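Take a look at the structure set out below.
In the text below, chain A, chain B and the rest are named by the order of the sequence lines, each starting its count at 1. Because only heavy atoms are used, hydrogens play no part in the values below, and waters and symmetry mates are left out as well, while side chains stay in. Here the structure is a predicted model, which is why all the values come from computation and not from measurement.
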2 protein chains.
Amino acid sequence: MSLPIGELSERKKLILKAIVEAHIRGGEPVGSKYITESKQLTCSSATIRNEMAELEALGLLEQPHTSAGRVPSKRGYRLYVDTLLEEYAMTAKEIAQINQLMKIKMSELDQILDKASKVASSLTNYTGFAIKPRAHAVTVTKYEAALIDAHSFILIVVASNGAVKTRNVIVEGEVDDKILARLTAALNELVTGLDAEQISLSTIIALENRMSGDSVLVNTVMKCIYEMLSDLDGGELKVSGLDRLLQYPEFADTENLGELLGAIERKDEILDLVSGIDGEDVNVVIGSEDCSVKVINNSTLVFKPIRSHGKTVGAIGVIGPLRMDYARVLATLDSLGGNVSHLLGEPKVSDKGDKHD
Amino acid sequence: MSLPIGELSERKKLILKAIVEAHIRGGEPVGSKYITESKQLTCSSATIRNEMAELEALGLLEQPHTSAGRVPSKRGYRLYVDTLLEEYAMTAKEIAQINQLMKIKMSELDQILDKASKVASSLTNYTGFAIKPRAHAVTVTKYEAALIDAHSFILIVVASNGAVKTRNVIVEGEVDDKILARLTAALNELVTGLDAEQISLSTIIALENRMSGDSVLVNTVMKCIYEMLSDLDGGELKVSGLDRLLQYPEFADTENLGELLGAIERKDEILDLVSGIDGEDVNVVIGSEDCSVKVINNSTLVFKPIRSHGKTVGAIGVIGPLRMDYARVLATLDSLGGNVSHLLGEPKVSDKGDKHD
DNA sequence: TTTTAGCACTCGCTCGTCGTTAGTGCTAAT
DNA sequence: ATTAGCACTAACGACGAGCGAGTGCTAAAA
């Protein structure tokens with residue numbers, strides 16, 4: 001399973017790199033002749049062929065069929081991303097576009113993530129996505145309520161992860177400001193710091209006692225709170241620039257496209273995948289190499305966590321074909337994600353460290 | 001432009017109906033022989049051919065090429081939907097599924113619409129969508145605020161269309177409950193009933209006076225309010241079951257699919273289209289027959305407005321190929337949409353009136 | 001021992017041909 | 001007005017030839 005990175009001769013690395021990059025550009029299998037022509041390799045096509053055969057034996061290249069050129073395998077891409085990739089120098093235009101995004105003052109995390117994923121999509125020309133990860137054991141830190149009319153009010157919940165949710169509560173009986181004040185006071189005292197599973201019957205009974213035994217109101221409200229808590233740790237996945245997928249021939253057939261659309265539709269696989277990875281660097285998931293997510297078999301996910309005050313609050317990334325322009329995408333996401341995190345109050349990392357996982 | 005409905009002989013209608021239905025089922029051009037065989041038409045294929053030629057001259061049928069069968073044109077579908085469509089009898093299973101949806105108690109419009117569009121998609125096997133239409137001149141009917149810490153609070157806005165929006169407001173100076181109380185009181189007094197365009201400088205100045213000239217706070221808040229108001233009348237489009245598109249051969253090529261995905265991506269065309277249509281019946285938009293929405297040239301949109309307390313608050317619908325199973329889709333959406341509206345407090349329409357536009 | 005030139009071979013791709021087939025339009029007979 | 005019959009059309013699938021890009025292997029050169 002582990003890659004024999006050290007074992008690879010310098011020339012093999014160069015050849016692999018050339019093949020990956022040629023294939024990223026052209027999308028077609030690349031042959032030995034092409035390599036000799038275009039690159040600074042001084043050897044002949046026959047030598048390249050021998051090397052290519054060995055690279056294939058190592059599982060780094062694949063042949064669609066005899067007498068076609070070679071295509072990088074997933075392991076090949078992985079090796080490329082991990083060790084062969086050169087820094088991509090962002091163009092002034094790209095930097096400007098990111099900076100312009102940063103100028104737009106948006107106060108809501110959702111909006112920022114959404115916008116950022118759109119920018120990621122348009123800068124890289126792949127499909128962009130934004131994720132708010134699943135959170136475990138979200139609790140409520142504060143309740144507020146706002147009266148609408150005699151039969152309904154808005155319940156506002158501030159969660160431990162900083163999210164805010166509201167819900168329209170319609171009650172059978174009558175409510176007024178005084179009842180609401182009592183309710184919020186009781187909720188703040190009794191039902192904070194509990195996650196969805198920790199709300200027990202005793203909590204509810206204690207609450208009822210505080211609310212003069214108005215069990216209808218209490219039940220309605222508790223149901224709402226439970227619902228909101230479940231919502232809060234649900235995670236979210238938003239996709240932008242889906243139509244960009246179509247320009248890549250690997251998604252021209254229904255097979256791959258269907259798999260990917262299905263995965264996006266279901267959300268959970270991608271959500272789990274992204275939520276399961278921590279850290280602040282850009283991550284690259286190539287195909288289903290780690291076999292956990294079977295569904296995005298022929299696509300690559302690249303994403304960068306967004307952090308705020310030391311916590312991961314989301315992620316932005318792009319989805320595209322295996323032969324993704326990794327250099328560019330990594331640079332773009334790194335910069336964009338860093339800026340977004342910075343915008344959210346995260347200290348900027350000054351050292352340009354290793355960005356791979 | 002107007003269709004010569006009355007002019008069509010009974011037999012022509014029957015033939016057109018048979019062709020549309022055969023083509024919906026099979027997806028392929030249908031020939032004269034097929035009609036004579038399968039249907040109760042007593043005449044021969046030659047007669048059918050003559051009739052078909054005339055129907056084609058009327059613009060109701062099309063020929064992909066000579067020596068292929070006929071395919072309904074957009075006008076043909078339109079005529080079919082408007083006058084030839086027979087009621088679809090929903091199966092017990094479908095009814096049960098809708099009823100089950102109705103049992104799920106959800107309090108938020110967004111969730112209900114979202115869920116309903118998913119059900120629409122799964123019942124019809126087309127792509128479902130849910131829309132909250134653009135609203136003009138949304139105003140705020142009530143403000144509330146909830147303190148988070150000394151530098152931030154949550155601003156809650158109840159809009160004239162019943163929607164609720166919250167925003168995290170971070171201020172330079174310090175805030176406390178007392179300041180917030182004054183702020184909300186002032187806002188409720190001075191900045192209600194105004195839409196985004198009507199907020200003038202004098203409003204802001206009046207507000208500043210009330211807030212002891214704290215122009216920083218006032219400006220921050222007003223910017224937020226403006227943003228929220230703009231958000232509120234923005235409209236929303238959510239799509240579910242996108243992958244279902246792929247099973248229809250008309251979306252197998254990149255062309256049509258790209259157009260449709262692009263339109264969904266941009267949202268505004270579809271939003272405008274749906275927002276522009278009022279009433280409570282199911283609407284059918286076939287291709288870009290009315291030339292306003294050029295982009296969904298080869299798809300059909302069917303949607304039903306969702307009403308609550310006499311107002312249109314959203315719409316659910318499906319997107320699919322031109323040869324959509326109209327009978328089924330219309331029945332499903334009519335029933336589903338009616339139920340959702342009912343759930344939202346709209347009186348149930350008892351008379352099963354004409355459901356076409 | 002490594003590299004390279006040369007060569008036979010493979011296999012997909014593109015044409016053109018050809019027969020088949022489903023469907024048409026037209027005409028003449030009913 | 002309808003229909004049977006017939007000639008015609010165009011898509012479709014199979015077949016085969018030619019092409020070309022690319023390979024693997026071998027034997028010679030470095």
From A:Lys12 atom NZ to A:Leu55 atom CG, the distance as rounded to the nearest 0.5 Å: 6.0 Å
message: Can you tell me if A:Arg70 touches the phosphate of D:dG24, counting only side-chain N or O atoms and a distance under 4.0 Å to OP1 or OP2?
response: yes
Aromatic plane relationship, A:Tyr126 with A:Tyr248 - under 30° parallel, 30 to 60° tilted, over 60° perpendicular: parallel
field: side-chain N/O B:Ser44 vs D:dT3 OP1/OP2, d < 4.0 Å
entry: yes
message: Under 4.0 Å from OP1 or OP2 of C:dT27: is there any side-chain N or O of B:Arg49 that close?
response: no
Polar side-chain contact A:Ser67-D:dT23 base: donor and acceptor under 3.5 Å: no
- request: Could you tell me whether the side chains of B:Gln247 and B:Asn125 share a donor-acceptor contact shorter than 3.5 Å?
  value: yes
message: It should be established whether A:Ser32 places a side-chain nitrogen or oxygen under 4.0 Å from OP1 or OP2 of nucleotide D:dG22.
response: no
query: Of the nucleotides D:dA10, D:dA4, C:dG12, which has the atom closest to the B:Thr66 side chain?
result: D:dA10
message: Measuring to OP1 and OP2 of D:dA1, would you say a side-chain N or O of B:Thr47 lies under 4.0 angstrom away?
response: no
B:Glu265/A:Arg244 salt bridge by N-O under 4.0 Å criterion: no
- prompt: Taking atom P of C:dG23 as reference, at what distance in whole Å does atom CD1 of B:Ile35 sit?
  reply: 10 Å
